Amino acid sequence: MPEADNEGKNFYEGTPQKGKLFFLKGSNELDWGMKNRLSRIFNPKDGRTVMLAIDHGYFQGPTTGLERVDVSILPLVPEADTLMCTRGILRTVVPPSVTIPVVIRASGGPSILKELSNEEIAMDMEDCIRLGVCATAIQVFIGGEFESRSVVNMTRLVDAGLRYGIPTLAVTAVGKELVRNAQYFRLATRICAELGAQYVKTYYVEEGFETVTASCPVPIVIAGGKKRPELDALKMAYNAIRQGAAGVDMGRNIFQSDSPTGMMKAVNAIVHGNETPEKAFDLYQTIKNSGS
Ligand code: 5RP
């Protein structure tokens with residue numbers, strides 16, 4: 001039996017159903033599941049994210065700061081918007097009760113002892129679904145020895161992700177022989193976006209970074225790169241956000257800091273609180289001096 005119609009039921013006939021543009025650049029035409037996952041990675045209030053990157057072990061082994069993820073990294077996880085890691089660390093160390101979104105490293109192959117651009121897709125989409133991840137991440141080596149393979153690998157991951165609603169983060173990896181400048185990163189990020197990545201990770205450059213974010217039609221997050229003094233790292237995050245980045249995906253400058261918790265909170269203050277690098281640095285020092 002259909003539900004009986006009561007007198008006075010209100011169908012708001014005069015109120016058109018409203019639709020909203022999705023808050024992330026270039027993402028409006030994506031399907032619901034993909035948008036929902038992106039909305040967990042990027043805060044819908046400001047369109048930004050603080051990703052904690054701890055996936056380095058997939059080619060570097062137990063690098064400095066990641067010797068014991070259970071001891072040194074797990075306490076930081078509640079401070080991050082998103083955790084980027086490998087499936088091995090996720091399954092062995094990260095408790096399933098962690099509810100922040102996970103971006104999973106889905107490429108691999110060579111270690112630091114070999115040619116790094118010689119990567120393959122190293123994870124099935126089926127396992128990504130099993131793990132409930134919010135995005136996959138894959139390295140793209142523009143100008144590298146195995147450039148084409150890495151680009152095609154990315155497109156394969158994008159195709160698989162589109163099938164199941166899982167976004168792909170393309171990570172622009174720069175070989176030692178290549179110049180890290182805005183011209184290079186415009187090229188690399190744009191190729192990744194043109195070939196379907198839903199968002200792109202790249203490095204910050206002092207000159208012309210705003211042209212990199214402007215010419216990339218999907219959101220850009222920056223990697224932190226090699227460890228630098230804390231104030232410098234905070235200035236870099238601040239400048240990147242001001243010049244159009246949608247967040248950071250930071251690793252070494254957090255977990256190799258003498259106060260990883262202090263750096264997490266300071267980076268958060270910049271990305272989500274629009275704090276100046278100097279004020280964020282004060283916060284870092286206060287937390288560091290308190291012994292955290
Ligand atoms: C490793 C990665 C890292 O996640 C990325 O480089 C971010 O880490 P860091 O801030 O240490 O550079 O993609 O290949």
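Fair warning: this is a prediction, and the values are worked out from it, not measured in the lab. Whatever order the structure lists ligands and atoms in, that order sets their numbers, starting from 1.
Listed by chain and residue number, nothing satisfies the side-chain hydrogen bond (donor to acceptor under 3.5 Å, both in side chains) test with Glu13 (two or more places apart in sequence, or in another chain).
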*Might you work through the ring-ring contact (aromatic ring centres under 6.0 Å, His included) test for Tyr199 and Phe42, ending with a clear yes or no?*
CA-CA 11 Å; Tyr199 75 113; Phe42 293 91; 5.0 Å; yes
_Walk me through whether Met34 and Leu162 qualify under side chain to side chain contact (heavy atoms under 4.5 Å, CB included)._
CA-CA 8 Å; Met34 206 171 264; Leu162 284 169; 3.8 Å; yes
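Ligand 1 has no N or O atom lying under 3.5 Å from any N or O atom of Asn253, backbone or side chain. The shortest N or O to N or O distance between Tyr58 and ligand 1 is not below 3.5 Å. In terms of polar-atom proximity, defined here as any N/O pair under 3.5 Å, Val171 makes no such contact with ligand 1. Checked against a 3.5 angstrom limit, the closest N/O atoms of Phe59 and ligand 1 fall outside it. The distance criterion of under 3.5 Å between nitrogen or oxygen atoms is not met by Met250 with respect to ligand 1.
In plain terms, the two heavy atoms of Gly65 and Ile73 that are nearest each other are O-CD1, 4.1 Å. Pairing each heavy atom of Thr82 with each of Arg40, the nearest pair is OG1-O, 4.4 Å.
Put simply, the residue from Asp249, Asn43, Ile270, Val248 that forms a side chain to side chain contact (heavy atoms under 4.5 Å, CB included) with Val50 is Val248.
Among protein heavy atoms, atom 4 (O) of ligand 1 sits closest to Asp55 OD1, 2.5 Å. The single protein non-hydrogen atom nearest to atom 14 (O) of ligand 1 is Gln139 NE2, 3.1 Å, given as residue, atom name and distance. Closest to atom 13 (O) of ligand 1, if we only count protein heavy atoms, is Arg105 NH2, 3.0 Å.
When non-hydrogen atoms are compared, ligand 1 lies under 4.0 Å from the side chain of Lys201 (C-beta onward) but not from its backbone.
Against a heavy-atom cut-off of under 4.0 Å, Gly225 is close to the following atoms of ligand 1: 9 (P), 10 (O), 11 (O), 12 (O). For ligand 1, the atoms sitting less than 4.0 Å from at least one non-hydrogen atom of Asp249 are 7 (C), 10 (O), numbered in the order shown with element in parentheses. Heavy-atom proximity to His56, at under 4.0 Å, picks out these atoms of ligand 1: 3 (C), 8 (O), 9 (P), 11 (O). Within the listing of ligand 1, atoms 9 (P), 10 (O), 11 (O), 12 (O) sit less than 4.0 angstrom from a heavy atom of Arg252. For ligand 1, the atoms closer than 4.0 angstrom to any heavy atom of Ala53 are 4 (O), 7 (C), 8 (O).
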Could you list the donor-acceptor pairs under 3.5 angstrom formed between side-chain atoms of residues 226-234 and any protein atom two or more places apart in sequence or on another chain?
| from | atom 1 | to | atom 2 | distance (Å) |
| --- | --- | --- | --- | --- |
| Lys227 | NZ | Glu230 | OE2 | 3.2 |
| Glu230 | OE2 | Ser257 | OG | 2.9 |

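Cluster annotation: Ile220 and Tyr238 are assigned to the same hydrophobic cluster (Ile/Leu/Val/Met/Phe/Trp/Tyr, side-chain heavy-atom contacts under 4.5 Å, transitive).
Side-chain contact check for Leu30 versus Gln198: some heavy-atom pair is nearer than 4.5 Å.
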